[in-house]
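Working notes, beginning with the structure itself.
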Number of protein chains: 2
Amino acid sequence: MTERLSDTGRGPLLEPLKATGWCVEETRDALSKTFTFEDFTQAFAFMTRAALWAEKWDHHPEWSNIYNRVSVTLTTHDAGGLTPLDAKLARKMDQLAQ
Amino acid sequence: MTERLSDTGRGPLLEPLKATGWCVEETRDALSKTFTFEDFTQAFAFMTRAALWAEKWDHHPEWSNIYNRVSVTLTTHDAGGLTPLDAKLARKMDQLAQ
């Protein structure tokens with residue numbers, strides 16, 4: 001099982017993600033970001049690409065879509081909070097959204 | 001533009017949908033349903049099929065996904081509430097989820 005990020009391990013992993021628009025939620029140990037695209041086809045294409053990685057890594061987002069927007073929340077339920085896997089999926093999503 | 005369902009037109013369109021698990025929300029004129037699948041691949045396969053119809057009909061759902069669950073809300077923003085198009089997409093989603 002992936003272990004929850006330690007206090008010292010969080011900074012180096014999370015700071016670069018905060019710089020690209022990810023936020024650590026106030027009420028739970030989770031990363032959130034809303035991606036905005038040109039239209040629905042672009043938004044759903046992003047979701048499809050991200051879904052393949054999520055399944056490959058067996059680590060799935062909580063996410064919602066309204067037309068051209070995709071709101072994502074990442075956390076590791078088994079670990080009760082953020083793990084390196086969340087950071088990895090967040091980085092992948094940033095890359096896919098470019 | 002599709003017109004909002006009239007008081008007399010609602011029953012025949014919405015009752016069959018309520019029978020399959022759709023609810024009219026209390027706080028807004030919208031249809032909601034949560035679909036549950038075996039796993040993430042099944043859930044996302046449903047979303048992909050529904051996305052193609054949504055784009056084809058230029059009528060897009062508000063929806064969220066957590067692993068094997070897909071929660072859908074349908075309404076027609078331009079009309080300020082439910083229209084026949086929402087009922088049509090709801091029926092299609094029921095069909096795709098079978």
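Each chain gets a letter, A, B and so on, in the order its sequence line appears, and its residues count up from 1.
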Which of E55(A), E62(A), H60(A), M47(A) touches chain B most, by non-hydrogen pairs under 4.5 Å: H60(A)
Contact summary for A51(A) and F40(B), nearest pair of heavy atoms: O-CE2, 3.6 Å
Heavy atoms from other residues, nucleotides or ligands near CZ of R10(B) exceed 12 (cutoff 6.0 Å): yes
From W63(A) atom CH2 to W63(B) atom CH2, the distance as rounded to the nearest 0.5 Å: 11.0 Å
Chain B contacts, top residue of L52(A), I66(A), T73(A) (heavy-atom pairs, under 4.5 Å): I66(A)
More than 12 heavy atoms of other groups within 6.0 Å of R69(B) CZ: no
